[in-house]
Amino acid sequence: RWVLNLQCKGSRNFMSALRRVVEVDFKDKDKHKSQGLYLLTTGIPDQETHTVSGYLAEVCRGFDLQLHVCLFSVMEDIGSNRIMPARYADPAETAIAFKEIVQAANGRFHWFGEAGIFESDDITIIVSEMEKAKSYSQKCAFLVESFKQRS
C-alpha cells in the first residue's frame with residue numbers, strides 16, 4: 001500500500017516527514033499485515049543520526065514497520081545558486097548514517113550513484129546465498145567422487 005510521497009522542499013527535515021507518516025497515515029496500522037517505508041534520498045537528514053535512529057527504534061517496536069533507504073549519491077558541487085542544507089555530510093558519511101538508521105528500523109540499505117551500485121543489502125544477501133550454493137555444490141561433488149572411489 002503506497003501511502004504518500006513527501007518532498008521536503010529544499011530541506012531534509014526527515015523527522016517531520018517521518019512523524020507525519022507514522023503518526024497520521026499509519027494510525028490504522030491494525031488493518032494491515034505489514035508496513036514499509038521507502039526513503040529515496042540524496043543526502044543526510046537535517047537531524048542527528050542518533051535522534052532519528054532512536055525514534056525509529058521506538059516506532060518500529062510498536063508494530064511491523066521497516067524503513068528501507070535508497071541513497072543516490074550525486075557528484076556535484078554546492079554552488080552559490082544552491083541552498084546549503086542544514087546538515088551536510090559527504091557521501092560516505094551519509095551512507096554510514098543511513099546504515100545506522102536502517103538498522104534501527106529493521107530495514108534494508110541501498111546506495112547507488114551515477115557510476116552504479118556502491119552497496120546494497122539485497123545484493124549482499126543474494127551473493128551470500130550464491131556462495132553458500134557454490135559451497136554445497138562443491139561438497140556434493142566431493143561426496144559423489146568419494147563414493148565413486150569406494151565402489
Side-chain angles (χ1 to χ4, degrees), residues 1-140:
R1 173 176 167 252
W2 292 97
V3 178
L4 72 138
N5 174 11
L6 293 176
Q7 296 181 359
C8 294
K9 309 251 190 245
S11 77
R12 295 188 179 112
N13 190 347
F14 179 67
M15 287 295 290
S16 175
L18 183 63
R19 282 190 179 116
R20 176 165 180 224
V21 170
V22 171
E23 295 170 9
V24 176
D25 293 318
F26 284 151
K27 63 185 174 193
D28 296 327
K29 63 187 177 192
D30 297 331
K31 296 179 183 178
H32 310 288
K33 291 183 181 177
S34 66
Q35 301 286 335
L37 298 174
Y38 291 83
L39 173 64
L40 309 176
T41 187
T42 58
I44 197 161
D46 287 346
Q47 295 77 24
E48 292 294 326
T49 303
H50 64 87
T51 303
V52 176
S53 296
Y55 179 75
L56 279 166
E58 184 68 29
V59 167
C60 292
R61 189 175 314 136
F63 59 102
D64 188 15
L65 172 68
Q66 294 114 16
L67 171 71
H68 309 290
V69 173
C70 295
L71 172 63
F72 184 74
S73 290
V74 290
M75 303 303 172
E76 63 181 62
D77 294 329
I78 297 177
S80 59
N81 58 349
R82 285 213 25 176
I83 299 170
M84 181 72 160
R87 184 170 174 226
Y88 177 78
D90 68 33
E93 292 170 327
T94 301
I96 290 168
F98 275 119
K99 282 195 266 187
E100 181 182 323
I101 290 168
V102 163
Q103 185 177 16
N106 302 315
R108 297 186 319 270
F109 175 70
H110 310 285
W111 178 23
F112 59 100
E114 296 159 345
I117 299 169
F118 300 122
E119 183 176 338
S120 171
D121 289 347
D122 289 348
I123 290 174
T124 301
I125 291 168
I126 290 168
V127 168
S128 173
E129 290 296 318
M130 291 169 60
E131 288 171 353
K132 282 183 198 175
K134 179 182 175 187
S135 174
Y136 290 143
S137 176
Q138 289 171 339
K139 289 176 184 176
C140 289

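Reckoned from all heavy atoms, side chains included, excluding hydrogens, waters and symmetry mates. FYI, the numbering just counts along the sequence from 1. Bear in mind the structure is a predicted one, so any value in this text is a computation, not a measurement.
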Undergrad: When you compare the side chain of E93 with that of I44, does any pair of heavy atoms fall below 4.5 Å?
TA: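 A side-chain contact under 4.5 Å is absent here.
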Undergrad: Salt bridge between E129 and K132, side-chain N to carboxylate O under 4.0 Å?
TA: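 Salt bridge present between E129 and K132.
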Undergrad: Could you give the distance from CZ (F109) to CG (L71), rounded to the nearest 0.5 Å?
TA: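 So the gap between those two atoms works out to 5.0 Å.
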Undergrad: Would you mind reporting whether I101 and P45 have side-chain heavy atoms less than 4.5 Å apart?
TA: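 SC-SC contact between P45 and I101 confirmed.
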Undergrad: So, for F118 and F112, is the gap between ring centers shorter than 6.0 Å?
TA: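 Centroid distance F118-F112: not below 6.0 Å, so no.
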Undergrad: Quick check: are there more than 12 heavy atoms from other residues, nucleotides or ligands sitting under 6.0 Å from CD of E119?
TA: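 Buried by this count: over 12 neighbours within 6.0 Å.
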Undergrad: Looking at OG of S53 and CD of Q47, how far apart are the two atoms once the value is rounded to the nearest 0.5 Å?
TA: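 Reported value, rounded in 0.5 Å steps: 11.5 Å.
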Undergrad: Are any non-hydrogen side-chain atoms of K99 and W111 less than 4.5 angstrom apart?
TA: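 Of all side-chain heavy-atom pairs linking W111 with K99, none is under 4.5 Å.
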Undergrad: Look up atom CD in Q66 and atom CZ in R108, then write down how far apart they are to the nearest 0.5 Å.
TA: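 So the gap between those two atoms works out to 8.0 Å.
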Undergrad: Are any non-hydrogen side-chain atoms of F14 and L39 less than 4.5 angstrom apart?
TA: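 Answer yes - side chains close enough.
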Undergrad: Quick one: CG on L56 to CE on M15, what's the gap to the nearest 0.5 Å?
TA: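 So the CG of L56 and the CE of M15 are separated by 7.5 Å.
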Undergrad: When rounded to the nearest 0.5 angstrom, what distance separates OG in S16 from CG in D46?
TA: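 Those atoms lie 10.5 Å apart.
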Undergrad: Could you tell me if the side chain of I96 sits less than 4.5 Å from the side chain of T49, heavy atoms only?
TA: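 Counting from C-beta outward, T49 and I96 never come under 4.5 Å.
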Undergrad: Measure across H110 and S120 and return the closest heavy-atom pair with its distance rounded to 0.1 Å.
TA: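 Nearest heavy atoms, H110 then S120: ND1-OG, 2.7 Å.
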